[in-house]
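What follows is a short report on a single structure.
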2 protein chains.
Amino acid sequence: MASVGRSGPKPGVETRERLLAAAESLFMEQGFRSTSLREITARAKVNLAAVNYHFGSKDALVREVLQRRLGPLNEARVQYLDRLEAEASGPLPVERILEALLLPALRLSRNPLEHGSTVLRLLGRAFSEPGDYMKDFLPDQYRVAARRFQQALGRAMPHLPESELVWRMHFTFGAIAYVMAGDDALQLVASCQAPEADNPEAIVRRLVPFLAAGLQAPTAPPLDGSPPTLAGTLPRRAA
Amino acid sequence: MASVGRSGPKPGVETRERLLAAAESLFMEQGFRSTSLREITARAKVNLAAVNYHFGSKDALVREVLQRRLGPLNEARVQYLDRLEAEASGPLPVERILEALLLPALRLSRNPLEHGSTVLRLLGRAFSEPGDYMKDFLPDQYRVAARRFQQALGRAMPHLPESELVWRMHFTFGAIAYVMAGDDALQLVASCQAPEADNPEAIVRRLVPFLAAGLQAPTAPPLDGSPPTLAGTLPRRAA
DNA sequence: GTTAGATTCAAACAACTGTTTGAATCATGC
DNA sequence: GCATGATTCAAACAGTTGTTTGAATCTAAC
């Protein structure tokens, strides 16, 4: 006899997953701090106490929701980068490194089993939300991957000082986090809605050339305001 | 007889300004939503009810704090851009347009009368914080300036399709907001602390070449996944 | 000195937060 | 059937939030 009339395998595990799904969607819509446990349990159609029973606290729920997405994503990014470097002979071009940074996120968003593009916006929120939740948690998830990409980019642009590279990676992550945060931030400034805002692949196709050019840009003149010369617009290696 | 022993001119206006100052500093440190009225009134050394008496509500306080900074900043940006265009003969180079976007913010942060770099981080927070406070308010402050800069950038890069320009402006604002948000977001990802993170001028000097190169980057190939050719790395006008 | 209005203050308000409790319910082993 | 442990549930907990109240205080004009 199929002991349960419903579809759920175990009684406990289904509410656990329903909580994760409800929390993820609500976090994406409203942010982490602004979402209450009562909203989450209401959407998940479970009792309020279920969160503390299954996860211990709201903070632990947030961590679990993030870890479920961030961990695999950064692993995939690093693996993608490893594979590219193993196949190539010399150092990778910047565009390929950016590909390793963006394509795994794109694939994640395209997976119909997961809730698609909501995942990307969730990650964007993780960076937008300041303060307590992320302060100690996110870095551990990202530091390894960030160091790995800094190393690859350093090989691709050996002429670029490390301090300059660190800053340009910051700018890069800023642009990425901004578009991943979703409509909220995008509509804030734009006079008109950007086209294809809901198509991650289209965004990536526009983002890579932008970032590649920025990362490889000639460095600024050391001090005074003399405008960059035309010669300065050529990559250093050509000089 | 100097009717008041203290320095304050009017009794009411001083607590009003003390509230604005305390709120601004706390908003910058903790964000808007996470800062309670009791924290604000405690730091300002005024009664709790003073906020609702002088401003009506917390939301109105937030708006007032932002408007006091965002309004003049965006006015200065547009004026700077107007002056550059009036002096130049043809269309402005992208670097000058970015200069108009960034230098007024830099000057604001350098003003010792204001609380210096705290202002920049406050503005960064305004973009980082999702949800209710900004949704209806920030756009009005920014839409005019954003349209003005889009127009200038369009003139500087007439070959660039408008849809592409809108997206690249988004990327640009993302990078700017990210570095303006301050240490929180920066330390999140970096394996090591970026140098001169507290020196706005140094950041701008690094940011302009990055963004200028990104904005003027060659556009991506239209569809299929063929890796960008070497010819594709040249600007369109050279084709 | 008295009066009128603006400002401050302590106290309470209602609504919400995350968390805990203890009994009820369930599935499942014996 | 019965007992055991896991899970659910309604209810309450203690704490914080933004806001309101009504009396007390201050300022300034008459």
Side-chain angles (χ1 to χ4, degrees), chain A residues 1-23 26-27 29-66 129 131-134 137, chain B residues 1-23 26-27 29-66 129-135 137:
Chain A
M1 61 191 87
S3 60
V4 284
R6 313 303 173 81
S7 55
K10 286 278 186 65
V13 60
E14 197 200 303
T15 75
R16 218 188 109 97
E17 284 176 7
R18 211 152 44 183
L19 274 174
L20 284 172
L26 278 169
F27 288 159
E29 296 170 12
Q30 310 176 347
F32 302 92
R33 185 160 222 131
S34 307
T35 301
S36 71
L37 290 186
R38 283 167 178 82
E39 290 179 273
I40 297 173
T41 54
R43 175 169 297 194
K45 291 195 176 65
V46 303
N47 189 272
L48 168 62
V51 169
N52 289 275
Y53 178 78
H54 284 279
F55 299 95
S57 68
K58 181 187 178 181
D59 283 37
L61 208 214
V62 173
R63 274 192 292 271
E64 189 94 9
V65 167
L66 281 180
E129 193 115 350
D132 318 343
Y133 284 136
M134 320 301 155
F137 171 67
Chain B
M1 61 191 84
S3 60
V4 284
R6 311 302 173 82
S7 57
K10 285 276 186 66
V13 59
E14 196 198 304
T15 76
R16 217 188 108 95
E17 284 177 8
R18 208 150 45 178
L19 274 174
L20 283 172
L26 278 170
F27 288 159
E29 296 170 12
Q30 310 176 349
F32 302 93
R33 184 159 223 133
S34 306
T35 302
S36 72
L37 290 186
R38 284 167 178 83
E39 289 178 273
I40 297 173
T41 53
R43 174 169 297 192
K45 290 196 177 65
V46 303
N47 188 273
L48 168 62
V51 169
N52 289 276
Y53 177 79
H54 284 279
F55 299 94
S57 69
K58 182 187 177 181
D59 282 38
L61 207 214
V62 172
R63 274 192 292 271
E64 189 95 10
V65 168
L66 280 180
E129 193 116 351
D132 319 343
Y133 284 135
M134 320 300 156
K135 202 88 177 214
F137 172 67

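In what follows, chains carry the letters A, B, and so on, assigned in the order in which the sequence lines appear, proteins first and then strands, with residues in each chain numbered from 1.
Taking 4.5 Å as the limit, some side-chain heavy atom of B:R16 sits within range of a side-chain heavy atom of B:F55. Using a 4.5 Å heavy-atom cutoff, the side chains of A:N52 and A:L37 are in contact.
For the pair B:Y53 OH and D:dA24 P, the interatomic distance rounds to 18 Å; values are reported in whole Å. The nearest whole Å value for the distance from the CG atom in B:N52 to the C1' atom in C:dC9 is 14 Å. Nucleotide D:dT8 holds its C1' atom 16 Å from the CZ atom of A:R16, rounded to whole Å. In this structure, A:I40 atom CD1 and C:dG18 atom P are separated by 8 Å, rounded to whole Å.
Partners of A:R38 under the side chain to side chain contact (heavy atoms under 4.5 Å, CB included) rule, at least two apart in sequence or in another chain, are A:S36, A:L48. Evaluation of the side chain to side chain contact (heavy atoms under 4.5 Å, CB included) rule for B:A50 yields B:L19, B:V46, B:H54 as partners, not counting sequence neighbours.
Of all heavy-atom pairs between B:A44 and B:R18, the closest is O-NE, 3.2 Å.
Using a 4.0 Å cut-off, some side-chain N or O of B:H54 falls inside it from OP1 or OP2 of C:dT8. Contact annotation: A:T15 does not reach the phosphate of D:dT7 (side-chain N/O to OP1 or OP2, under 4.0 Å).
Note that CD of A:E39 and CZ of A:F27 are 10.0 Å apart. Values are rounded to the nearest 0.5 Å.
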Write down the protein N/O and nucleotide N/O pairs, taken from nucleotides 10-17 of chain C, whose separation is under 3.5 Å; answer none if there are no such pairs.
from: C:dA10; atom 1: N7; to: B:N47; atom 2: ND2; distance (Å): 3.4
from: C:dT17; atom 1: OP1; to: A:S36; atom 2: OG; distance (Å): 3.1

